[in-house]
S.K.: 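I'd like to ask some things about the structure below.
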Amino acid sequence: MLNRPASDTQITHARRLWLYAVAVLVMAFLILPTFVVIPMSFSDSRFLRFPPQGFSLRWYESYLTSPEWMQATWVSLKVAVLTTLLATPLGIAASYGLHVSRVPFSRVLTIALISPLIIPIIILGVGIFYLYVRLGVVNTIPGLVMAHTILAIPFVVVTVSSGLQQYDSNQELAARNLGASRWTAFRTITLPQIRGSIVAGGLFAFITSFDEVVIALFISGGQNTTLTRRMFTGLRDEIDPTIAAISSLLIVLSVIMLLILVLSNRQK
Amino acid sequence: MSKLSVRSQPIAIRDVTKTYGSFNALENVTLDIAAGEFLTLLGPSGSGKTTLLMVLAGFTRATSGHVLVGSQDMTRVPPHKRDFGMVFQNYALFPHMNVFGNVAYPLRLRRVSRSEIDTRVARALDLVQLSHLAERPIDALSGGQRQRIALARAIVFEPRVLLMDEPLSALDKNLREQMQIEIRNLHENLGITTVYVTHDQREALTMSDQVVVIDAGRISQKGAPREIYERPANAFVADFIGESTLLPVQAGADGFAFGGRALRATVAPPGGLFLVARPEKMELHRTDMDPAYNLFEGTLHQLVYQGETVLAQVALPEGQTISMRLTSRREVMAALPEPGKPITLALHPEDTVIVPERGQ
């Protein structure tokens, strides 16, 4: 069966083996670096080393019992949650507005909204730093949340816009005709139908903020140092497998988020 | 089954104009729709019929003019406070709710009690004969069923007016004809003032009490279906509705003439330019006919057999070709000359209608 084509034009699996091989290599290249970290995190050694020697949970313990690491984790979680809560409604409002309005500049506005994805983050970081120095919000949670929101909005806009594209906006007219105000029509008819893309956008917003390090290097510090920033400086100063343990936990978190995304889309 | 009670109300459209930039989608439209009337807006695409419906629904704000329902000026009332039911071309059902949820939606917005919702939804579904589908999801419905649910949803809250935007255009021919009759029956049961938009003239003639023909944002003619068809007010209506050949006529001192022959016409307005020659109004001339008939002599160009009818195309010496439609009965066909031979067509003066270029 492997070698017998069903039609003249069909390419058999055998003739496609090279393609599968390439695909496997590409996948391995993408995933393996991530998974190198996990064995290292269970290492017994005092230094980051691969392959790991011995087995212990001491680095997980070290992470969970360290006040500095815990504080940084709380800062990151707080900032990520607040960023999600801010970026998601703003992103929804922006994409909905662009979707229903027929303003001639809507394309320009879309590009402006998405530009943080294109602009090198380091440039954004420098700009934000100088602005924040003037505003006096360097090393504060609100400052971090605002900066991360700028980064997260494009993800919400992209996912929600694609959701709206598949949605028949006549339904909203129908709802209004049946007695719903614009807001009620949006809330009861449009919103439930683009929920999948909103959840996706929200998760992206969360991960964007939680994983962000470049801007955090500029504007987070002291009491409000984020987890990623502390990891980054930690990596530079001391080569400590605690970072491998944290990374492993972050990988698990990302996988969980991805699963939520897949499952919530399947329900639709 | 108790009937849904409906407050049927008249609609008055006063001087409504809608402009988009320099384009006039509607131009000084004034129209009265009687309470309980089934009125159809008929016109080619881009004529402004849908714009007028959207102005009625409140989704489009007229540049100037007024819309009154009963004695209330609706011009500035937002769509959700108008209490108009509307059926959309693509139905616009809510796919995240089942049939019951869709039909109950307008009642929930009106904070109707739960038990009242149950009875009213049941009644509305009963009216469209789909009570058994209440728990179905929307994507499990056929096109015809969706159409009926959209209708049930539009009438369940006992609206003051029912608006329909080409509601049957997505259905196949058989289903469309069946739904035409059902919508008509429903209208008769409810007696609700209905404004129906279509580009399908047959649908308009079949269903309506009154037909309004719209052309380039203006009302070209308003009348009962028979009046619209038999007595078109201008060349646009004559051409748009039914098959017809427009023959240019000459105006003389005592009426109109075609090909040098005076025409006896029932409708001969001043400024008349064309004779409306409809194939089914033409007869084959016989010597025992009333001499009042208008005669057209020509050559039988060809016979097109179309099943129940046969179309005789006659070339006139003036250069035009007119058609005559006859039933394909044996003796009718036998009386026709061979193609290429001379033939004389007769048109009764009652059916002889002369129209100007454009009305109003």
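Order of the sequence lines sets the chain letters (A, B, ...), proteins ahead of strands, with each chain counted from 1. Here the structure is a predicted model, which means the values were calculated and not measured.
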S.K.: When only heavy atoms count and the cut-off is under 4.5 Å, which of residues 72-81 of chain B reach chain A?
M.R.: P79(B), H80(B)
S.K.: At a heavy-atom separation under 4.5 Å, does N90(B) approach chain A through its side chain, its backbone, both, or neither?
M.R.: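 The side chain, not the backbone.
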S.K.: Any idea which heavy atoms bring A180(A) and L109(B) closest together, and the distance?
M.R.: N-CD1, 3.4 Å
S.K.: For H199(B), does the NE2 atom sit with more than 12 other heavy atoms under 6.0 Å from it, leaving out its own atoms?
M.R.: no
S.K.: So for atom CZ, which belongs to F204(A), do other residues, nucleotides or ligands contribute more than 12 heavy atoms lying within a distance under 6.0 Å?
M.R.: no
S.K.: Could you report the tightest heavy-atom contact between H96(B) and I189(A), atom names first, then the distance?
M.R.: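 Looks like CE1-O, 3.6 Å.
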S.K.: Heavy-atom cut-off 4.5 Å, strictly under: side chain, backbone, both or neither for F94(B) against chain A?
M.R.: both
S.K.: Between A154(B), A150(B), P95(B), A57(B), which residue shows the highest count of heavy-atom pairs closer than 4.5 Å to chain A?
M.R.: P95(B)
S.K.: Please round to the nearest 0.5 Å and tell me the distance separating atom CZ of R82(B) and atom CG of N177(A).
M.R.: 10.0 Å
S.K.: Based on non-hydrogen pairs under 4.5 Å, which of P192(A), S181(A), A185(A) is most in contact with chain B?
M.R.: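 Ranked by contacts with chain B, first place is S181(A).
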S.K.: Which answer fits T184(A), side chain, backbone, both or neither, if we ask what part of it has an atom under 4.5 Å from a heavy atom of chain B?
M.R.: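 Both backbone and side chain.
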S.K.: Is any residue of residues 24-33 of chain A within less than 4.5 Å of chain B by heavy atoms, and which ones?
M.R.: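 So far as heavy atoms go, nothing in residues 24-33 of chain A approaches chain B to under 4.5 Å.
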S.K.: Roughly how far apart are M86(B) CE and R176(A) CZ, rounded to 0.5 Å?
M.R.: 11.5 Å
S.K.: Which atoms of L93(B) are under 4.5 Å from chain A, going by heavy atoms: the side chain, the backbone, both sets, or neither?
M.R.: backbone
S.K.: Quick one: what part of R110(B) sits under 4.5 Å from any heavy atom of chain A, side chain, backbone, both or neither?
M.R.: side chain
S.K.: What part of D168(A) gets closer than 4.5 Å to chain B, counting heavy atoms only: side chain, backbone, both or neither?
M.R.: side chain
S.K.: Stepwise, does the side-chain contact (heavy atoms from CB on, under 4.5 Å) test hold for Y105(B) with T188(A)?
M.R.: CA-CA 10 Å; Y105(B) 185 77; T188(A) 59; 2.7 Å; yes
S.K.: Select one option (side chain, backbone, both, neither) describing which atoms of R108(B) are under 4.5 Å from chain A's heavy atoms.
M.R.: neither
S.K.: Chain A heavy atoms under 4.5 Å from F84(B): which part of the residue, side chain, backbone, both or neither?
M.R.: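 For F84(B), the contact with chain A is made by backbone and side chain together.
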S.K.: CZ of F59(B) to CG of L173(A): how many Å apart, nearest 0.5 Å?
M.R.: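 Reported to 0.5 Å precision, the distance equals 4.5 Å.
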